[in-house]
2 protein chains.
Amino acid sequence: MSINVTIKDVARAAGVSYSTVSRVINNTANVDENKRQRVIDAMKQLGYVANLQARSLAGGRSQVVGMLVPDLGNGYTGTILQGVNAEATANEYEMMLYTTHHRKVKEPLYVQTLTRGMTDGLLLLLPVDPGAYLESLRGKNFPYVVIDHQGFDTFSPTVVSTNRQGAYDGTTYLIELGHRRIGFVSGSNHTSSAIERLRGYRDALEAHGLSYDEQLVVPGNFDQPDSYRAGLRLLDLPERPTAIFATSDISAFGVIDAVHERGLRIPDDISILGFDDIPQAEWINPALTTVRQPLYEMGRRAMKMLLDYIEEPDAPTQRLVLSTELVIRATCRRITD
Amino acid sequence: MSINVTIKDVARAAGVSYSTVSRVINNTANVDENKRQRVIDAMKQLGYVANLQARSLAGGRSQVVGMLVPDLGNGYTGTILQGVNAEATANEYEMMLYTTHHRKVKEPLYVQTLTRGMTDGLLLLLPVDPGAYLESLRGKNFPYVVIDHQGFDTFSPTVVSTNRQGAYDGTTYLIELGHRRIGFVSGSNHTSSAIERLRGYRDALEAHGLSYDEQLVVPGNFDQPDSYRAGLRLLDLPERPTAIFATSDISAFGVIDAVHERGLRIPDDISILGFDDIPQAEWINPALTTVRQPLYEMGRRAMKMLLDYIEEPDAPTQRLVLSTELVIRATCRRITD
DNA sequence: CTGAAAGCGCTAACAT
DNA sequence: ATGTTAGCGCTTTCAG
């Protein structure tokens, strides 16, 4: 394995011109079978590895996709990333990762850099304020896919899950267990998933003839500390709920902290339901009952979709909706009176 | 913001040659202040963004570092990644991410691709079998840093934490709480961190006049299911340990499952001590007492070190050792007899 | 079917 | 101080 073997080295070794080598690499035209074989042998022997930069600069594909995530270190992002990564690897694509740490201002800049030759396409997870640059990407006809889109534009290819139905199912489950006062720790009001989940909750209440009580809905922002406070507020209500539906697992962890703080037991004194099913959901004790989003699959499918767009940039806008699923574990319990 | 503004467009707009533009971008030579300003204005006005590919092809820096991680979706990798990312961003570096999923064979291939022009340096987290390509990297004088090195080579720049001391401190803590029979769920015997931690455990026992009992040491491979089984084995011992030291938090979660399976309470019936302090450690209830590795800091410092090597490839090999720290939460308790 | 040549956007000599 | 030129490694015309 020598240092920096180029296409020219291969050409020399195989006794052909270097454009012929390019042809066999890219399978872009017919090459004499004999020569083709010689080239392949030479590549193998010299340990040729393509220089992706040069390739992409010359107008080919860079074989790299960019991915913008809000943060790392939590199961949500991690699991989606795994899905993306699996599909990328399977298609000989590399992944370039950017973290915005929820800082709005960074997104446009990153998107700019990423689309300047570096990448063939872009995956955006939970973008904070995509309006600014999504249109520009679209204008350039630059391939991108949004995962868990938090806005409502109709022109962006998107992979989401059935937030509303999931919340509906979760709430219904609690109702069927006999709960009548169900606390709801909501996400931030600006994101569509939060709004959808709240809607699902309300739908379910209504469908079962329960009235919506504003007091029972407290914002948790998909954040543990915020949700801890939200939990406390719900628990300290004059008429305490018998169940709390936290709309993300992280949020549920915060609520669980609050429950313990108040010296209550789960699920004996109160039932807790989460949303997402990140890996940690089954690590805690008792294991968290939650509405599962197919995170890994969302990542995988988004990458697949992006690959399609890279292949065919003018394909019509797709919107893939994956199903959520109630995962019953140990934090919810039937009301017995 | 037009489409694909190049250095030439800027040059034309500013009325200078395009090498002058390059000069002001890279601050590589003195430029007439007047012209410099015109160039800067033109860049701003046209929305110029550098094409990193071209830059790196032409011999400059790509401003990208590659990072190889065993997996994603767990707090260990995620936290380190955050540290790396923070330092990278602060230095206007991008990060290219590769996941090996613990598959040995992939590593060399990835390393090849990454070092073929694409990146200025490489960060390796917990490499499985680095011997194969580390020497080659070194031979090329290609900058790289290993985080949490699992081997024992002396020529690779490395960032690690005080595994042995950490295990020593943890064990000592348990002994000081009055524990005499302390189970130990070890990592895999092939990794240096696992070996170091076991050594720390033995050292502490010896220092306190306790004998080493082979029965109390069970392999858990830093893996939850394996550690669950390990926990069961320890709990079912004729003379059950009063405390179990799991050498990773993930491992501790497995042991905790086992404890619950046997109907025991933590910390009343048995004390549990982890290692790492991943974010989830404080999410569980009771919150996990654990030996903290400064994961975020390890990532940050590794990236910093890498930047140094990129600047000065011939700098001598550094080995940075960061301190672990015992984080006392709620899973360990004094023995009262 | 294949070689020669142009050029992707940029940096770094080399001139001036 | 600044313009000109030669590549970096590759893809893609364009001739033959």
Side-chain angles (χ1 to χ4, degrees), chain A residues 2-40 42-43 46-64 112-120, chain B residues 2-40 42-43 46-64 112-120 140 310:
Chain A
S2 59
I3 302 182
N4 285 179
V5 180
T6 78
I7 205 176
K8 287 188 179 172
D9 299 322
V10 175
R12 200 174 312 120
V16 298
S17 78
Y18 73 90
S19 35
T20 299
V21 176
S22 173
R23 285 187 189 101
V24 346
I25 291 174
N26 297 292
N27 220 317
T28 179
N30 277 348
V31 175
D32 177 81
E33 189 47 38
N34 193 331
K35 289 192 178 175
R36 147 179 256 94
Q37 204 44 249
R38 288 210 322 262
V39 169
I40 290 176
M43 291 204 298
L46 297 174
Y48 172 76
V49 178
N51 181 325
L52 298 181
Q53 318 239 44
R55 175 177 295 173
S56 115
L57 188 56
R61 300 268 165 74
S62 71
Q63 296 291 116
V64 177
Q112 280 258 15
T113 314
L114 279 171
T115 57
R116 280 285 294 157
M118 213 43 152
T119 59
D120 296 340
Chain B
S2 60
I3 303 182
N4 283 179
V5 180
T6 78
I7 205 175
K8 286 188 181 171
D9 298 322
V10 175
R12 201 173 312 121
V16 298
S17 79
Y18 73 90
S19 39
T20 299
V21 177
S22 173
R23 284 188 189 101
V24 347
I25 291 174
N26 296 294
N27 221 319
T28 179
N30 278 347
V31 175
D32 176 81
E33 189 47 37
N34 192 330
K35 289 192 178 176
R36 148 181 252 95
Q37 204 44 249
R38 287 207 327 258
V39 169
I40 290 176
M43 290 202 299
L46 297 174
Y48 171 77
V49 178
N51 182 325
L52 299 180
Q53 319 240 42
R55 175 178 293 172
S56 118
L57 227 207
R61 301 269 164 74
S62 70
Q63 296 291 117
V64 177
Q112 280 259 15
T113 313
L114 278 172
T115 56
R116 280 286 294 156
M118 213 42 151
T119 59
D120 295 341
K140 283 188 192 179
I310 289 174

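Residue numbers begin at 1 in each chain, while the letters A, B, ... track the order of the sequences.
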Side chain to side chain, [X] and [Y], heavy atoms closer than 4.5 Å:
X: I25(A); Y: R55(A); value: yes
X: V10(A); Y: L46(A); value: yes
X: Y48(B); Y: V21(B); value: no

(request) Could you grab the distance from atom CD1 of I7(B) to atom OH of Y18(B), nearest 0.5 Å is fine? (result)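 Rounded to the nearest 0.5 Å, the CD1-OH separation comes to 8.0 Å.
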(request) With rounding to the nearest 0.5 Å, note down the distance linking CG in L57(B) to CG in L52(B). (result)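 Going from the CG atom of L57(B) to the CG atom of L52(B) covers 12.0 Å.
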Protein-nucleotides 8-12 of chain D N/O pairs under 3.5 Å:
residue : atom : partner : partner atom : Å
dC8(D)  : O2   : L57(B)  : O            : 3.0
dC8(D)  : O2   : A58(B)  : N            : 3.0
dG9(D)  : N2   : A54(A)  : O            : 3.2
dC10(D) : OP1  : Y48(A)  : OH           : 2.4
dC10(D) : OP1  : N51(A)  : N            : 3.4
dC10(D) : OP2  : I7(A)   : N            : 2.5
dC10(D) : N4   : Y18(A)  : OH           : 3.4
dT11(D) : OP1  : N26(A)  : OD1          : 3.2
dT11(D) : OP1  : N26(A)  : ND2          : 2.9
dT11(D) : OP1  : R55(A)  : NE           : 3.0
dT11(D) : OP2  : S22(A)  : OG           : 2.8
dT11(D) : OP2  : N26(A)  : ND2          : 3.4

(message) Need two values: the first and the last nucleotide of DNA chain C, 5' to 3', having an atom under 4.0 Å from any heavy-atom of chain B.
(response) dG9(C) to dA13(C)
(request) Name all pairs fulfilling the side chain to side chain donor-acceptor pair (under 3.5 Å) condition that reach into residues 25-39 of chain A, sequence neighbours left out, sorted by first residue then second. (result) S22(A)-N26(A)
(request) Let me know the distance between CZ of R36(B) and C1' of dT2(D), rounded to the nearest Å. (result) 13 Å
(message) Using every non-hydrogen atom in the two residues, find where S62(A) and Q53(B) come nearest and quote the distance to one decimal.
(response)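 Answer, listing the atom of S62(A) first, then Q53(B): CB-NE2, 4.0 Å.
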(request) Applying side chain to side chain contact (heavy atoms under 4.5 Å, CB included), run through V31(B) and T20(B) and close with a yes or a no. (result) CA-CA 7 Å; V31(B) 175; T20(B) 299; 4.0 Å; yes
